[in-house]
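Quick notes on the structure that follows.
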Amino acid sequence: MLKRLAIAVAILGSLPALALAHGPSRQKVTESIEINAPVDKVWAVVGNFQDINWLPIVAKTEGTGGNDVNATRKLTLKNGGIVEEQLDKYDAEEHTYAYEITKVDVKVLPVNDYSAHITVTANGDKSTVEWKGAFYRGYMLNDPPPELSDEVALKAVTGLYKDGLAALKKKIEGGS
Amino acid sequence: MRNFARCCAAFCVLALSGAGSAARCSEALTTNQPADSLSFVDLATMKAVAEIKIGGKPAGIALSPDGAKAYVTAPDSKELVEVDAVSRTVTRRLTLGGGPLGIAAHPTRPEVYVADWYAHKIFVVDTKTFAVIADIPVGQSPSGLAVTPDGRLLLSADRDSDAVSIIDIASRARLASVAVGKRPFGITVDSDGLRAYTANVKSDDVTVIDIAARKAVGKVATGRRPYAVALARGRGFVTDQYGGTVTVFDLATLRPLKAIDACDHPEGIQADGAEGNVYVACWGDDFLLRVNPDTLTVTGKAVVGDGPRAFGKFLR
């Protein structure tokens, strides 16, 4: 108890931001992009749970179960990081699926309990792709270290979505 | 025979209609966590009529026995916030520290119980003086709380102990710890005070507890990441956060009946009395859904503030 108190005091002294520290609450990020291609063409790329190589940071996707609920995939990132994911919901008619991260090191992505949806909607002869994530920061107790704060988690996921959607647009519109 | 005073709580108006009658609440109050607010939804029109600032990332909610006051937990600022639900204003704030999340009000005593996620205890708050008058040690990371309708027992879903504490309210003594599924979060007691139902986040199921026997007597499979349970018309309704569904099961046979396609991250759920509609807070889509417990269909939708959780009892 005393030891814990001493550590807390030490942290207090070293971190002026601690006044803002608090227990975690779930964060939400929504990003979308318009793609100049019909919904079926976009879904043909996005809708394969077993291939997320349209995401620039991914080097390899391996998985089992196809597009069935409870299918799994393991992403090997170009930086060597590993992300394991599971499919929770899949609706080809509505062009949407939901998945969760079942295993990731906070050094790879500083989040916990991450789940997300990707949805493609027709927008005339164009499409809109929406990527919506829900997650907690990388540190689940009160008073997180700065590298595992809400802000860091939000920034990481927002960046991932923005870069990913921009790359998806380029890939599809570029005809590759 | 149904005891209406014990179902939805006395403040929801008793409505008589033909063969059946049921408590009818007029408003839902949703804690909107990222928005830092509380939305008031008129249930007759299914429209949000007000939204007030709470602060501290509000999550848990309970109502006073007369429905006039709402008690909201704010985990971010580690506070309990009292709201006058009639005038729709924040009236008092109490810094609790720790990780206040789950909350329940006593049916007759001027007390609310707040679970401290980090210190593994329950704060007893006197709602007259608005001060902590006792702490009750429980298991690891208590989350959902529920009081039996007779006001005798408090049940705490101790998430990281995979168990439920049963506490004698008068003596503040922890009588038992009942093993349930993995990571129980929401807990709901039936209107007769006989059974409790926990939504187990990690094992994707609901555990049924016989309260008097102090043991688990059944299990129901749900969708991914169940959050909380509501009971209406002899059926259980479970919000599946990742599945985006409401799993419905028969309370007598514990057989699954349907998975209702609901919304993105359905969370807080409550039935309007033992016979009325079921209301669901949709964290991901920012609305409150109304589900008909007979047809098992979605019959209404109200847009609320960003990220409604409504963890607890939120109908008045």
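The figures here come from the full heavy-atom set of this structure, side chains too, leaving out hydrogens, waters and symmetry mates. Reminder, nothing fancy here: chain letters follow the sequence lines and each chain counts from 1.
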Inset, instruction - Identify the residues of residues 30-38 of chain B whose heavy atoms come closer than 4.5 Å to a heavy atom of chain A, ordered by number, or report 'none'. - result: B:Q33

Inset, instruction - Please round to the nearest 0.5 Å and tell me the distance separating atom CZ of B:R224 and atom OG of A:S115. - result: 10.0 Å

Inset, instruction - Enter the distance from A:M140:CE to B:Y118:OH here, rounded to the nearest 0.5 Å. - result: 7.0 Å

Legend entry - For chain B, which residues of residues 75-87 of chain A have heavy atoms nearer than 4.5 angstrom: A:Q86

Inset, instruction - Give, as side chain, backbone, both or neither, the part of B:D261 having an atom under 4.5 angstrom from any heavy atom of chain A. - result: side chain

Inset, instruction - Mind checking the NZ-CZ spacing from B:K57 to A:R26? Nearest 0.5 Å is all I need. - result: 14.0 Å

Legend entry - Reported NZ-to-CG distance for the pair A:K132 and B:D285, which is rounded to 0.5 angstrom: 4.0 Å

Legend entry - Qualifying residues under side-chain hydrogen bond (donor to acceptor under 3.5 Å, both in side chains), relative to A:N67, sequence neighbours excluded: A:Y90

Inset, instruction - Report the C-alpha distance between B:D264 and A:K28 in whole Å, list the side-chain angles of each, state the deciding distance to 0.1 Å, and finish with yes or no for salt bridge (Lys or Arg N to Asp or Glu O under 4.0 Å). - result: CA-CA 11 Å; B:D264 180 15; A:K28 191 190 265 189; over 6 Å; no

Legend entry - Over 12 non-hydrogen atoms of neighbours within 6.0 angstrom of NZ in B:K258: yes

Legend entry - Residues of residues 99-113 of chain A with any heavy atom under 4.5 Å of a heavy atom in chain B: A:E100, A:D113

